[in-house]
Peer 1: 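A single structure is presented below for examination.
On a predicted model such as this, the values are computed, not experimentally measured, just so you know.
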Amino acid sequence: MYLDFSRLGFADSARRHGIAEHDARHACRNAIRIFHRDGILMLIGADYGGRMLEVGITTREEDPRIVHAMPARAHFLR
């Protein structure tokens with residue numbers, strides 16, 4: 001599956017932790033780990049400042065969108 005991260009929608013739920021859209025998209029484009037669980041593609045990557053983020057993209061809908069973005073939790077960094 002090819003995803004153009006610049007064209008993905010950005011759901012309100014992804015804003016809950018205060019991560020800027022441009023930082024979430026940067027983390028996706030530069031992902032170092034990828035997990036697929038329960039219809040969510042979880043990417044782990046750095047934002048523009050080097051902070052590691054976890055970004056979730058829904059894969060169940062016809063219109064994939066970023067639905068989750070927050071600082072990466074320890075279990076994703078192991």
Side-chain angles (χ1 to χ4, degrees):
M1 170 191 331
Y2 171 78
L3 293 174
D4 181 352
F5 300 116
S6 65
R7 295 181 183 264
L8 285 179
F10 199 82
D12 288 339
S13 61
R15 301 176 198 283
R16 183 171 40 179
H17 298 284
I19 304 298
E21 278 188 54
H22 67 276
D23 281 326
R25 293 177 196 285
H26 187 270
C28 289
R29 285 189 300 271
N30 297 284
I32 60 169
R33 290 201 175 144
I34 301 172
F35 304 90
H36 192 252
R37 294 186 186 147
D38 301 322
I40 299 288
L41 189 64
M42 190 70 74
L43 295 96
I44 310 303
D47 68 7
Y48 280 103
R51 173 179 56 165
M52 296 303 291
L53 302 179
E54 60 185 67
V55 180
I57 300 171
T58 183
T59 59
R60 287 189 178 163
E61 300 175 22
E62 288 184 22
D63 182 26
R65 74 183 104 243
I66 296 172
V67 295
H68 172 79
M70 68 180 282
R73 292 173 282 182
H75 67 274
F76 285 118
L77 298 174
R78 293 185 210 157

Peer 1: Tell me the closest heavy-atom pair linking A24 and V55, and the distance in Å.
Peer 2: O-CG2, 3.8 Å
Peer 1: When hydrophobic residues are tied together by side-chain contacts of less than 4.5 Å, even through go-betweens, does F10 share a cluster with Y48?
Peer 2: no
Peer 1: Do I66 and E21 have side chains that get closer than 4.5 Å, going by heavy atoms?
Peer 2: no
Peer 1: Output the distance between atom CE (M52) and atom CG (L77), rounded to the nearest 0.5 Å.
Peer 2: 6.0 Å
Peer 1: Nearest 0.5 Å, what's the CZ-CG distance between R73 and L53?
Peer 2: 12.0 Å
Peer 1: What's the shortest heavy-atom distance between V67 and S13, and which atoms?
Peer 2: O-OG, 2.6 Å
Peer 1: To the nearest 0.5 Å, how far apart are CD1 in I34 and CG in L43?
Peer 2: 5.0 Å
Peer 1: Give a yes or no on whether M70 and M42 share a hydrophobic cluster (residues Ile, Leu, Val, Met, Phe, Trp, Tyr; joining criterion: side-chain heavy atoms under 4.5 Å apart).
Peer 2: no
Peer 1: Using modelled atom types only, decide if a donor and an acceptor are shared between the side chain of T58 and the backbone of P64 within a distance under 3.5 Å.
Peer 2: no
Peer 1: Is there a donor-acceptor contact under 3.5 Å from the side chain of R33 to the main chain of F76?
Peer 2: yes
Peer 1: If you look at every heavy atom in A11 and R65, which pair is closest and at what distance?
Peer 2: CB-CD, 3.9 Å
Peer 1: State, with a plain yes or no, whether a side-chain heavy atom of H68 is found less than 4.5 Å away from one of I40.
Peer 2: no
Peer 1: Yes or no on side chain to side chain contact (heavy atoms under 4.5 Å, CB included) for L8 and R25, after CA distance, side-chain angles and deciding distance?
Peer 2: CA-CA 9 Å; L8 285 179; R25 293 177 196 285; 3.9 Å; yes
Peer 1: Are the side chains of D47 and I19 in touch, meaning some heavy atoms are under 4.5 Å apart?
Peer 2: no
Peer 1: Crowded around R29 CZ? As in, over 12 foreign heavy atoms under 6.0 Å?
Peer 2: yes
